[in-house]
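Below is one structure, written out as structure tokens; the observations come after it.
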Amino acid sequence: MFLETQQKIRARFVEAVQEAFGLEVNEPVLGFPPSVELGEISVAASFELAKRLRQPPRKIAEQLASRFLPLEGVERVNVAGGGYLNFHLDRALLASALFRLRAEKAPAVPPGNEKILVEHTSINPNKAAHIGHLRNAVLGDTLVRLLRFRGHRVEIQNYIDNTGVQVADVVVGFLHLEKKTLADVQKLLQDPSVRFDYYCWDLYARVFQHYEEDKASLAWRAEALKTIEEGHGVPAQMAELISTAIVRKHLETMLRVGVRYDLLVEESEILRLDFWKYAFELLKKRGAVRLEHSGKNQGCWVMRVDSPEGETGGENGEDVKIIVRSNGTVTYVGKDIAYHLWKFAALGKDFGYAPFYRYTDGHEVWRTTAARSPKSPPFGGATVAYGVIDTRQSYLQNIVAAALRALGLDQQAANLHHFAYEVVGLTPACAEEMGVELAAEDRERPYIEVSGRKGLGVKADDLIDRLEEKALQEVRARELTQDPADQLAYARMIATGALRYFLLKFSRRIIIAFDFKEALAFEGETGPYLQYSVVRARNIFRKYREQHADFSEERLQTSVTPEQLRRFFTDAQDGTAFWELALLAAQAETVAEQAISAEEPSVLAKYAFRLAQAFNNFYHRYHILNESDAERQQFLLYLVYLAAESLSQTLEVLGIEVPERM
RNA sequence: GGGGGUGUAGCUCAGUAGGAUAGAGCAUCGGAUUUCUAAUCCGAGGGUCGGGGGUUCGAGUCCCUCCACCCCUGCCA
């Protein structure tokens, strides 16, 4: 397979340089020659070696070229240009290995023992989810799928900040603005005409407006926050009621786009089980935190934040972060430190667990509880942890890592990956469409920031609704099926495909300026384009089967011989075009590895698009069912299988399902 | 002030740990076997890769510097 061949070439290069020149070198970077006629893999390292060896690069490459063979999968090695080493692969061998890989349903890599923990979504459970949350969830979910695709054992956690300020604000809204009792809220929850998460969305905005108008009312918040954190009284009960209901809504929203979880870690349990107290003791013992006796932070426990160069302070004094407020409550970072110690099994304590939500396939989402439960699966205890958290929180994530280091957990700190992504804004036009009044200068901005406090944003479910509606129209217009259930199922897959691809095609470091027109597009570089490509390929097989009842895709593996593969892949007329498609299809694993190491799912999304493009091009150029040469027809079917199966497996990693018809 | 991010075609973005001729989608214009359903394909136009230095055989990519925009630097998260 392609990835393995690459690894072999790298390793062999190091040996070859050692043999030829007695020189120790690192594994070389592999590139791609400008066209497959020049080879499939290239190494440009001879240029660098030229200095050390005082020889022209071309001469170095020539001395190395002969030392690679025999190498499984490589047919020949030659020198091109000023000193490139170009590797020509054994096309028939690679293609048949790829066919076997795609045809076997078992994962390519057996699951390892090490557990990787991915935390994503982590929405404040006080109102409906918006597009920014969708970006987080889809990025996180795709990271999970990527890791699993490459054989890693992954646990998905969703952190629920159910004792934080944002929940407190909604409690304030119910208690003080709406004068509602616990029973009133309960009734509201049971009212089928009320979308509770939408209701809270509006209420939260109203609370903020009230804070603006009446600063004194901020005291409500402080009071509510304290009682919620202490876990007693009506505010605490109401917070529990609200957050649990909203979390359930969030799970349902995310399920619509194929995102699922294993465990909900609730902040209230971190407090209730004294995880924080325990972590606090550890930090104090190590001198990582100290109590301020004077100055602006008097009465607070703070942690010193070292600047990267080790220069602390300067004239303005050192940078510190408050961990415990002067009123004794813990900031979010403090709780996050405790949470992360538990993630790495470095706290010496564990939660209890209880089932919370069951998916239709039986998979259970668990939540943390204070009571121990013997029947739960083991959670936490990871060696590597990813946190999918927006980039604005980098400062706080650095503090968590710094705390780990302060406790001597350097290895864990190094294995803690802040998967930082940028937020989703609205284009000015979109913001105005949503009813926001913009100043002239705001219209010139690249994007308008969404604001939960102002109630400005595109709700996730509204967007998904619109996508499904549009997709349903398209499905109906095409008269693919008369069955309304099928129509709906197709529309949902197409809507999800469009949305997930839209959120994944951008690099995580750039701000997405959201626009309905772009997000609702089904043509060009979109999810539906990818899905359509696979559908086209499957249509070929379906039609072919109508004439050949005994046909199955798997049978191609034997009906096309290695001899034929060799012949068609080196055909003077079309060999290059055939080979380019197969070669691209073979790179899914290589690209997935890249996406993981760069922590950049867009790399795989872009690859899927390139593969779909290559396939559509091929589809248009070669008419398979009309092919009169039977051997050639079998070969073409073989090639369609490689491309379609590679693409559909890649789409699975992206969380994009393919409908039967489009 | 300090830390981080971004700047590539009219617009939105890629550019694979420096490599062989700067790419894609959208938009615009022109075309395609009345089919394995066109949610497709082909072609055209369009670029001082923010500016200036430097390193290198080679720089969109690395270093320095300047400019513009954004985020963080809360007893919010």
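Computed from heavy atoms alone, side chains included, the values below leave out hydrogens, waters and symmetry copies. First the proteins, then the strands, lettered A, B, ... as listed; each starts at 1.
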Query - Complement of B:rC13, any strand, by Watson-Crick or G-U distances under 3.5 angstrom - result: B:rG23

Query raised in the report: Does A:Asn86 get its side chain close enough to the base of B:rA20, under 3.5 Å, for a donor-acceptor pair?
Result: yes

Query raised in the report: Is A:Glu600 paired with A:Arg509 through a side-chain N to carboxylate O contact shorter than 4.0 Å?
Result: yes

Query raised in the report: Looking only at atom C1', what distance separates B:rC29 and B:rG46, rounded to whole Å?
Result: 12 Å

**Report entry** C1' atoms of B:rC67 and B:rU56, separation to the nearest Å
**Finding:** 27 Å

Report task. Describe the nucleic acid contact of A:Pro33 in one word from base, sugar-phosphate, nothing, applying a heavy-atom distance below 4.0 Å. Result -> base

**Report entry** Side chain A:Thr331 and base B:rC75 donor-acceptor under 3.5 Å
**Finding:** no

**Report entry** Gap in Å between the two P atoms, one belonging to B:rC26 and one to B:rA44, rounded
**Finding:** 16 Å

Query - Base of B:rC76 paired with side chain of A:Arg453 (donor-acceptor, under 3.5 Å) - result: yes

Query raised in the report: For B:rC41, does OP1 or OP2 lie under 4.0 Å from any side-chain N or O of A:Arg621?
Result: no

Query raised in the report: Using centres under 5.5 Å plus planes under 30 degrees as the test, is A:Phe47 stacked with B:rG58?
Result: no

Query - Pair A:Phe208 and A:Tyr211, ring centroids less than 6.0 Å apart - result: yes

Query raised in the report: Is the NZ or CZ atom of A:Arg661 positioned over A:Tyr490's six-membered ring, under 6.0 angstrom from the centre and within 45° of the axis?
Result: no

Requested in this report: Ignoring backbone atoms, test whether A:Asn327 places a side-chain nitrogen or oxygen under 4.0 Å from the OP1 or OP2 oxygen of B:rC75.
Outcome: no

Query raised in the report: With rounding to whole Å, what would you report as the distance between B:rG18 and B:rC63 at their C1' atoms?
Result: 13 Å

Query raised in the report: Does the side chain of A:Ser507 get closer than 4.0 angstrom to OP1 or OP2 of B:rA14 through an N or O atom?
Result: yes

Report task. Using heavy atoms to find the nearest nucleotide of RNA chain B for A:Lys51 and A:Arg509 separately, return the residue whose nucleotide is more 5′. Result -> A:Arg509

Query - Full working for side-chain contact (heavy atoms from CB on, under 4.5 Å) between A:Lys470 and A:Phe522 - result: CA-CA 10 Å; A:Lys470 191 189 169 198; A:Phe522 291 165; 4.1 Å; yes

Query raised in the report: B:rU28 pairs with which nucleotide, Watson-Crick or G-U wobble, both distances below 3.5 Å?
Result: B:rA44

Requested in this report: Give a yes or no on whether a donor-acceptor pair under 3.5 Å exists between the nucleobase atoms of B:rA77, that is its base, and the side chain of A:Arg392.
Outcome: no

Query raised in the report: If you measure from the P atom in B:rA59 to the same atom in B:rG54, how many Å do you get, rounded?
Result: 12 Å

Query raised in the report: Given the C1' atoms of B:rC76 and B:rA22, what is the spacing between them in whole Å?
Result: 45 Å

Requested in this report: Answer yes or no: does a side-chain N or O of A:Tyr332 lie under 4.0 Å from OP1 or OP2 of B:rA77?
Outcome: no

Report task. Kindly say if A:Tyr447 contacts the phosphate of B:rC11, meaning a side-chain N or O under 4.0 Å from OP1 or OP2. Result -> no

Requested in this report: For the pair A:Asp574 and A:Arg632, find out whether any cationic side-chain nitrogen is under 4.0 Å from an anionic carboxylate oxygen.
Outcome: yes

Query raised in the report: Side chain of A:His88, backbone of A:Leu38: donor and acceptor closer than 3.5 Å?
Result: yes

Query raised in the report: Can you tell me how far P in B:rU6 sits from the matching atom in B:rC13, rounded to whole Å?
Result: 13 Å

Query - Euclidean distance for C1', B:rG19 against B:rA77 (whole angstrom) - result: 45 Å

Report task. Indicate, with a heavy-atom threshold strictly under 4.0 Å, whether A:Asp161 touches base, sugar-phosphate, or nothing. Result -> sugar-phosphate

